[in-house]
Amino acid sequence: MRLVVPFEPGGGTDLTARLIAQKLGERFGQSFVVENRSGAGGNIGTDFVAKAKPDGYTLLWANVAPMSISPHLYKKLPYDPVRDFAPITLATVFSNVIVVRPSMSATPESFMEKAKHEFRDLTYASAGNGSSTHLGVEWLKNLLGAQWVHVPYRGGGPALFAVVSGQVDFYLSSVPAALMDIGNGKLKPIATTGKSRDPALPDVPTIAELGLPNYEVLNWNALVAPAATPRSIIDRLHEVTVEILSSPTLRKHLIEQGAEPAPMTAEDFAEFMKAESVKWAQIVKIVNAKVD
């Protein structure tokens with residue numbers, strides 16, 4: 001069995017996928033391999049699973065970008081997030097965090113207040129065109145009147161390394177991916193993107209706290225299968241995945257890593273997807289984003 005991650009290794013989506021894949025392998029008593037198929041903001045790996053054999057052996061660790069953002073960015077997608085997939089469950093939800101080089105003389109307050117002046121012309125990395133790490137910054141840039149320059153990478157891992165190595169000034173990273181580099185001093189956190197402070201970074205303020213109360217950008221991952229996968233397989237995968245995500249030990253581990261377990265019924269997940277699509281359509285319109 002394989003779990004396709006539509007991004008490069010090292011980002012928050014990849015890290016959570018490997019943890020869940022290990023547990024799924026233990027429960028099903030067989031190898032459960034994580035396969036990274038990156039490119040086009042997650043669209044390549046997502047399309048691969050959409051066209052895979054619907055036998056339960058190829059699953060997608062779905063992400064907000066290809067499932068809820070891309071349909072509003074691309075004139076023509078090779079897949080349909082609703083038609084081509086059978087929802088199993090939402091799995092994890094996590095905030096993002098703005099991280100900068102430690103040498104940058106920025107505090108949370110000054111970074112926001114001086115976005116039009118001292119920090120006007122910064123460069124920022126993203127996990128790819130059309131990713132939430134791209135549009136989340138474009139939305140903030142629009143609200144603050146900054147002139148930040150976008151530098152896209154092929155996933156969260158390479159984007160994070162670009163800041164650590166000094167290639168770019170900052171990145172809107174997923175919290176799980178950034179925690180280690182924040183802890184060892186390679187990155188400095190500025191602000192998180194949830195409505196409330198992230199339990200993994202309790203001393204870091206939210207962007208909402210810093211003067212933009214309506215700003216919220218959450219990342220999420222979910223388990224989905226090709227659309228024609230038999231219902232019996234979907235039900236079994238749902239049952240096992242929800243049990244895994246509800247384990248007190250795993251919940252504690254995920255929360256410490258900056259990801260909140262969020263299992264739900266397949267029907268509730270389908271409704272969640274609709275709401276996310278509406279939200280990101282509005283953000284795409286606000287920032288006038290276009291991707292060819």
Side-chain angles (χ1 to χ4, degrees), residues 3-8 11-17 20 34-52 54 58-96 126-136 139 154-156 172 174 176 193 216-229 234 237-238 241 245 259-285 289 291:
L3 182 60
V4 175
V5 174
F7 297 104
E8 289 282 336
T13 296
D14 178 69
L15 294 173
T16 53
I20 299 301
V34 171
E35 184 175 311
N36 296 88
R37 287 181 172 264
S38 64
N43 294 345
I44 290 176
T46 302
D47 182 51
F48 174 80
V49 177
K51 294 176 172 59
T58 300
L59 306 173
L60 175 68
W61 195 239
N63 177 267
V64 59
M67 299 297 278
S68 299
I69 300 175
S70 289
H72 308 293
L73 276 179
Y74 293 83
K75 292 181 179 179
K76 188 176 181 181
L77 277 178
Y79 63 88
D80 184 296
V82 176
R83 182 193 65 220
D84 294 336
F85 296 96
I88 298 172
T89 183
L90 183 66
T92 59
V93 176
F94 43 93
S95 297
N96 293 314
S126 81
N129 287 313
S131 65
S132 62
T133 62
H134 170 207
L135 295 190
W139 185 19
R154 286 178 64 90
L172 184 62
S174 70
T193 63
E216 181 185 31
V217 173
L218 296 178
N219 212 325
W220 53 263
N221 293 126
L223 193 64
V224 303
T229 304
I234 297 298
L237 285 166
H238 177 269
T241 306
L245 291 167
E260 181 179 352
M264 58 177 59
T265 67
E267 292 75 20
D268 286 344
F269 174 48
E271 291 302 311
F272 172 86
M273 283 273 292
K274 289 179 185 177
E276 280 290 287
S277 182
V278 170
K279 169 187 171 180
W280 282 103
Q282 293 171 341
I283 294 174
V284 167
K285 185 176 181 180
V291 176

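Just so it is clear, the structure is predicted and the values come from calculations on it, not from any experiment.
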Any side-chain to backbone donor/acceptor pair from S277 onto M273? Under 3.5 Å, distance only. no

So, taking the atom named CG in L218 and the one named OG in S174, what distance separates them when rounded to the nearest 0.5 Å? 12.0 Å

Verdict with reasoning, M67 to T46, per side-chain contact (heavy atoms from CB on, under 4.5 Å): CA-CA 8 Å; M67 299 297 278; T46 302; 4.0 Å; yes

Spacing of N219 atom CG and L172 atom CG [to the nearest 0.5 Å]: 9.0 Å

What donor-acceptor contacts under 3.5 angstrom involve side-chain atoms of residues 76-85, with partners at least two apart or in another chain?
| from | atom 1 | to | atom 2 | distance (Å) |
| --- | --- | --- | --- | --- |
| Y79 | OH | N43 | OD1 | 2.8 |
| Y79 | OH | P66 | O | 2.7 |
| D80 | OD1 | V82 | N | 2.8 |
| D80 | OD1 | R83 | N | 2.8 |
| D84 | OD2 | D80 | N | 2.7 |

At their closest point, which heavy atom of A289 faces which heavy atom of L73, and how far apart are they? CB-CD2, 3.5 Å

Could you tell me which non-hydrogen atom of G130 sits nearest to which non-hydrogen atom of A65, and how far apart they are? O-CB, 3.9 Å

Scanning both residues in full, the closest heavy-atom pair of A259 with P261 reads O-CD, 3.6 Å

By side-chain contact (heavy atoms from CB on, under 4.5 Å) - contacts of P226 (at least two apart): V49, A52, P54, T229

Do you know which of T58, L60, L223 makes side chain to side chain contact (heavy atoms under 4.5 Å, CB included) with L3? L223

Under a 3.5 Å distance rule, please check whether S126 uses its side chain to pair with a backbone N or O of G128 as donor and acceptor. yes

CG of L237 to CD1 of I88, rounded to nearest 0.5 Å, is 4.5 Å

Rounded to the nearest 0.5 angstrom, the NE2-CG distance for H72 and L135 is 11.0 Å

Decide, yes or no, whether a salt bridge links E276 with K274 under the criterion of side-chain N to carboxylate O below 4.0 Å. no

For D47, what residues pass the side-chain hydrogen bond (donor to acceptor under 3.5 Å, both in side chains) criterion, not counting sequence neighbours? K51

Can S132 and I69 be said to form a side-chain contact (heavy atoms from CB on, under 4.5 Å), step by step? CA-CA 8 Å; S132 62; I69 300 175; 4.0 Å; yes

Please step through side-chain contact (heavy atoms from CB on, under 4.5 Å) for the pair V34 and D14, ending with a clear verdict. CA-CA 8 Å; V34 171; D14 178 69; 4.1 Å; yes

For A222, enumerate each residue passing the side-chain contact (heavy atoms from CB on, under 4.5 Å) test, keeping only those at least two apart in sequence or located in another chain. A62, L90, W220, F269

Establish, from distance only, whether the side-chain atoms of T16 and N221 form a donor-acceptor pair under 3.5 Å. yes

Could you tell me which non-hydrogen atom of F94 sits nearest to which non-hydrogen atom of P176, and how far apart they are? CD1-CD, 3.8 Å

Any sub-3.5 Å donor-acceptor pair from T241's side-chain atoms to H238's backbone N or O? no

Check whether T193 reaches the backbone of V217 with its side chain - one donor and one acceptor, N or O, closer than 3.5 Å. yes

With distance as the sole test, does T92 use its side chain to make a donor-acceptor pair with the main-chain N or O of E260 at under 3.5 Å? no

Is there a donor-acceptor pair under 3.5 Å between the side chain of W61 and the backbone N or O of T13? yes

Would a 4.5 Å heavy-atom cut-off, applied to side chains only, mark W280 and V64 as touching? yes

For N129, which residues count as a side-chain contact (heavy atoms from CB on, under 4.5 Å) partner, sequence neighbours excluded? H134, H150, P152, V291

Go through the steps for N36 and V4 under the test side-chain contact (heavy atoms from CB on, under 4.5 Å), then give the verdict. CA-CA 6 Å; N36 296 88; V4 175; over 6 Å; no

For the OG1 atom of T265 and the CZ atom of F272, what is their distance to the nearest 0.5 Å? 12.5 Å

Distance from S68 atom OG to K279 atom NZ, nearest 0.5 Å? 9.5 Å

Among residues at least two apart in sequence or on other chains, which ones pass side-chain hydrogen bond (donor to acceptor under 3.5 Å, both in side chains) with E8? S38

